[in-house]
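Residue numbering restarts at 1 for every chain, and letters A, B, ... go by the order of the sequence lines.
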Amino acid sequence: MKNKEIANLLYEIADFLEAEGSQFKPFAYRKAAFELKSSQKDVKETYEEEGLRGLEDIPGIGKSIAEKIEEYIKKGRIKEFERLKKKTPIKMKELVQIGGMGPKKAKLIYEKLGVSDVKSLEKAAKENKISKIEGFGEKSEKNILESIGFLKKSSGRFLTGEILEEVKEIEETLKKSKNFKRVALAGSLRRGKETVGDIDILAVSDNPGKAMDFFASLPGAVKVWSKGKTKSSLRMSRGFDVDLRIVPERSFGAALQYFTGSKEHNIALRKIAASKGFKLSEYGLFKKGKMVAGRTEEGIYRVLGMEWTDPEIRENQKEIGAAINDFENKKPGLPRLIEKRDIKGDLHCHSVWNGGRNDIWEMAESCIEMGYEFLGISDHTKFLKIEKGLDEKELEKQGWEIRKINEKIRKTGRHFRILQGAETNILKDGSIDIKNEALKKLDYAIAGIHSNFKMSKREMTERIIKAMKNRHINIISHPTGRLLQRREPYEIDFDKILRAAKIYNVALEINSFPERLDLDGGNVRRAKEAGVKMAINTDSHQKSHLKNISLGVSQAKRGWAEKKDIINAWSPEKMMEFFKKKHAL
DNA sequence: GCCGTTTTCGGCCCGACTGTTTTCAGTCG
């Protein structure tokens, strides 16, 4: 039982309570849920070790919620929740996902029309019944249908960042088992896509029967779709499916290549193979019926006269041509793509100063553990009141603290430094919510859009360009504003933004947060081709988020980014020069 | 329902936006 499971339950209770018109309880439940979700300690363990008292020690959790958690751990259900659901029998979690639809509106349309889930909501909207209800209108009805359409498009896929850890655990479990000789992840996960449909795992086993038994009894598996000697399929409790294929060792590379995809890359590769008299399949590379490669991926590409290709760029976007060796004509091959180990620090991290979970020192410690050379603290600034944004005075105070910690680190002789930045807000008119005199004192400054998302393309583009012109702004955070499966990017003329970024020496962020991944691979590629520099940041609000950097690196790789394109892969000195150059413009 | 450097009651984050209204409720971040 994961903290998140209980947290989600508390969130849903909060929604039901809000629908009932309860004023402050929802706030309390959401706070408790948030604390649970971000707590590093397992609630169930806490309860087993310390009982109710231990639960009440968690901030935001008092007697009543502690008892509800106890009830859930013991009985697997919460009476209060059952009571609320009985009173208003609707699929709350499903309905509030619809844009513009909150708990109260969900309850209202249930009472008026008997709408209890998204399906019946869609039907009612199509029959123009929604617009007849008081408080709704034609526009609401249109928005509801639009939002449902958007949701449908993205349904059935999961955010890679949300399931990655669990998938890695599965991989490790299989690897540790004696039943498996080799295990590898394939599919879109291996290609670093931001969302994945299902998980493909390949394995080699001397005893496929036993191996499949082991697989089917994995912790967290809730349903076995199928179980055979070569292929089995499971549904995990989080809702995603995992396919395991057992292949002969001599075909492992070929199978890995085949099941990694993409389909388009594979088709192109098979065409190359055919043109040279080979036949390529998931079983191997064959010439006149004789297997010539297949044990490793490298072997297959080599025999085809190609360089091994990073999975992230296997999209048939010119990587095939680039990978073909042509030494005679000194043709440039594939670029050496950026790797996680190239990253020297994180420039977008929040701290307790604006409501983050960890203080600056704790964040720094984690960065040191990761082998970084620097950490950029960039807390929100004052316009974002909900995030306790810092004003000019508080930024100055934070500067003192950072200098003190840097001094402490310097004395240990460690090669590590904390930089002070800020994630400022680009206001509606393109101005920055922090005065230039204060920005000047920072090591660098980020600017991002956090309000007024719905502007015309022209206005939004002008707004961002105006911010880039500010001589203290070095990075634009999450440049397109998209939230995966939740919000489309805001309207911008990206080519114009790229030109401005180049002229005003501003880096665009590759935000590594699982639901952002913004820029994405496609936009990274465009930025790179325009000669625009980028920064791969995590937007961490607590130290456990720092590991998301690998998601950002995957997007960067998907966009063919190299070390030279990523400012936080440079030496800190060179990066600081990039920032300084801006001030001189 | 939770919390306390305003400590057992009274406040809880709050301003902007949206779509609906004609002064506001609900949603959003």
Side-chain angles (χ1 to χ4, degrees), chain A residues 6-7 9-36 52-53 55-71 78 80-81 83-84 92 95-112 125 130-147 350 354-356 380-391 423 425-429 433 448-456 459-460 477-478 481-483 486-488 490 513 515-516 539 541:
Chain A
I6 301 176
L9 215 62
L10 296 181
Y11 276 127
E12 201 169 350
I13 293 178
D15 284 342
F16 274 108
L17 289 169
E18 189 165 349
E20 283 194 334
S22 182
Q23 285 253 8
F24 298 108
K25 281 190 196 179
F27 179 80
Y29 274 88
R30 285 189 190 118
K31 170 123 199 319
F34 174 77
E35 292 293 339
L36 269 189
L52 276 176
R53 175 72 58 82
L55 295 178
E56 284 184 55
D57 280 344
I58 302 169
I61 294 178
K63 191 161 175 286
S64 172
I65 293 184
E67 280 170 2
K68 291 191 173 68
I69 295 174
E70 175 184 49
E71 191 186 348
I78 298 174
E80 169 73 358
F81 185 44
R83 183 189 69 78
L84 288 163
M92 184 64 88
L95 286 168
V96 296
Q97 276 186 80
I98 307 296
M101 183 75 77
K104 289 188 175 167
K105 287 193 172 165
K107 183 165 183 264
L108 185 67
I109 52 161
Y110 167 71
E111 284 162 356
K112 298 278 181 191
I130 303 285
S131 53
K132 308 273 187 322
I133 303 174
E134 209 177 321
F136 290 82
E138 274 177 29
K139 214 153 183 178
S140 316
E141 199 165 72
K142 202 176 130 250
N143 283 344
I144 285 171
L145 285 173
E146 246 171 45
S147 179
H350 298 271
N354 72 180
H380 285 293
T381 52
K382 62 187 177 188
F383 174 80
L384 269 196
K385 298 208 168 56
I386 178 190
E387 299 271 16
K388 299 193 175 79
L390 275 53
D391 62 19
E423 187 185 18
N425 299 289
I426 306 176
L427 304 179
K428 203 171 177 179
D429 66 355
D433 67 333
I449 301 266
H450 296 102
S451 61
N452 305 87
F453 302 111
K454 289 194 173 169
M455 285 170 82
S456 75
E459 282 176 317
M460 191 58 109
S477 56
H478 38 75
R482 74 155 176 187
L483 291 177
R486 284 210 299 150
R487 186 173 77 202
E488 295 283 6
Y490 26 77
F513 220 76
E515 66 172 6
R516 288 201 183 267
D539 205 348
H541 284 66

Peer 1: Which value, in whole Å, describes the distance between the C1' atoms of nucleotides dG10(B) and dT6(B)?
Peer 2: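 Rounded to whole Å, the distance is 10 Å.
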Peer 1: S451(A) side chain N/O closer than 4.0 Å to the phosphate oxygens (OP1, OP2) of dG15(B)?
Peer 2: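 No, no such contact exists.
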Peer 1: Does a side-chain N or O from K104(A) land closer than 4.0 Å to OP1 or OP2 of dG26(B), or not?
Peer 2: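 So the side-chain polar atoms of K104(A) do come within 4.0 Å of the phosphate oxygens OP1 or OP2 of dG26(B), strictly under.
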Peer 1: Cation over ring, K68(A) on F81(A), under 6.0 Å and within 45°?
Peer 2: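 Negative - K68(A) is either too far from the ring of F81(A) or too far off its axis.
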Peer 1: Between R30(A) and E18(A), is the closest basic N to carboxylate O distance under 4.0 Å?
Peer 2: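 Here E18(A) pairs with R30(A) in a salt bridge, since their nearest N and O are under 4.0 Å apart.
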Peer 1: Can you tell me how far C1' in dC14(B) sits from the matching atom in dT8(B), rounded to whole Å?
Peer 2: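 Comparing C1' positions in dC14(B) and dT8(B) gives a spacing of 27 Å.
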Peer 1: Please measure how far the C1' atom in dT22(B) lies from the corresponding atom in dC28(B), and state the result in whole Å.
Peer 2: 24 Å
Peer 1: With a non-hydrogen cut-off below 4.0 angstrom, is I61(A) in contact with a base, only sugar-phosphate, or nothing?
Peer 2: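 Sugar-phosphate contact only.
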Peer 1: Looking at E141(A) and S131(A), would you say the former's side chain and the latter's main chain have a donor-acceptor pair under 3.5 Å?
Peer 2: yes
Peer 1: When the P atoms of dA16(B) and dT23(B) are compared, how many Å lie between them, rounded to an integer?
Peer 2: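 One P to the other, the span is 22 Å.
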Peer 1: Under 4.0 Å, counting only non-hydrogen atoms across every strand here, what does E35(A) touch: a base, just sugar-phosphate, or nothing?
Peer 2: nothing
Peer 1: Name the nucleic acid region contacted by K63(A), choosing base, sugar-phosphate or nothing; use a 4.0 angstrom heavy-atom cut-off, strictly under.
Peer 2: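 It contacts sugar-phosphate atoms only.
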Peer 1: Counting just side-chain N and O atoms, does N143(A) come under 4.0 Å of either OP1 or OP2 of dG19(B)?
Peer 2: yes
Peer 1: Going by ring centres under 5.5 Å and near-parallel planes (under 30°), is F27(A) stacked on dC12(B)?
Peer 2: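 Here the ring of F27(A) and the base of dC12(B) are not stacked, as the 5.5 Å and 30° limits are not both satisfied.
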Peer 1: Expressed in whole Å, how much space separates the P atoms belonging to dG26(B) and dT21(B)?
Peer 2: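 That atom pair is separated by 14 Å.
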Peer 1: Between dG4(B) and dG15(B), how far apart are the P atoms? Round to whole Å, please.
Peer 2: 24 Å
Peer 1: What nucleotide among dT27(B), dG1(B), dC17(B) has an atom nearest to a side-chain atom of K428(A)?
Peer 2: dC17(B)
Peer 1: Between the side chains of S64(A) and E67(A), does any donor sit under 3.5 Å from an acceptor?
Peer 2: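 No.
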Peer 1: Could you tell me the Watson-Crick or G-U partner of dT18(B), where both distances fall under 3.5 Å? Say none if there is no partner.
Peer 2: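 For dT18(B), the partner nucleotide comes out as dA25(B), under the 3.5 Å rule.
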Peer 1: Give the rounded distance in Å between these two atoms: CG of L384(A) and P of dG15(B).
Peer 2: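 Going from L384(A) (CG) to dG15(B) (P), I get 13 Å.
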Peer 1: So what does P26(A) touch, heavy atoms closer than 4.0 Å: a base, only the sugar-phosphate, or nothing?
Peer 2: nothing
Peer 1: Where the side chain of F453(A) is defined as all heavy atoms beyond and including C-beta, which of dT27(B), dA16(B), dG29(B) is the nearest nucleotide?
Peer 2: dG29(B)
Peer 1: In whole Å, measure the gap between the C1' atoms of dG29(B) and dC13(B) for me.
Peer 2: 11 Å
Peer 1: K105(A) near the nucleic acid: base, sugar-phosphate alone, or nothing, with a heavy-atom cut-off under 4.0 Å?
Peer 2: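 If one applies the 4.0 Å heavy-atom cut-off, K105(A) turns out to touch the sugar-phosphate alone, with no base involved.
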Peer 1: From CD1 of I449(A) over to C1' of dC17(B), roughly how many Å is that when rounded to an integer?
Peer 2: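 My rounded result for the distance is 15 Å.
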Peer 1: Taking only the C1' atom of each, what is the distance from dG19(B) to dC12(B) in whole angstrom?
Peer 2: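 Approximately 28 Å lies between the C1' atom of dG19(B) and that of dC12(B).
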Peer 1: In terms of side-chain geometry, is the basic nitrogen of K142(A) or E138(A) positioned less than 4.0 Å from the acidic oxygen of its partner?
Peer 2: no
Peer 1: From the set dG19(B), dT18(B), dC2(B), return the single nucleotide nearest to any side-chain atom of K139(A).
Peer 2: dG19(B)
Peer 1: Hey, is K104(A) close enough to D15(A) for a salt bridge, meaning N to O under 4.0 Å?
Peer 2: no
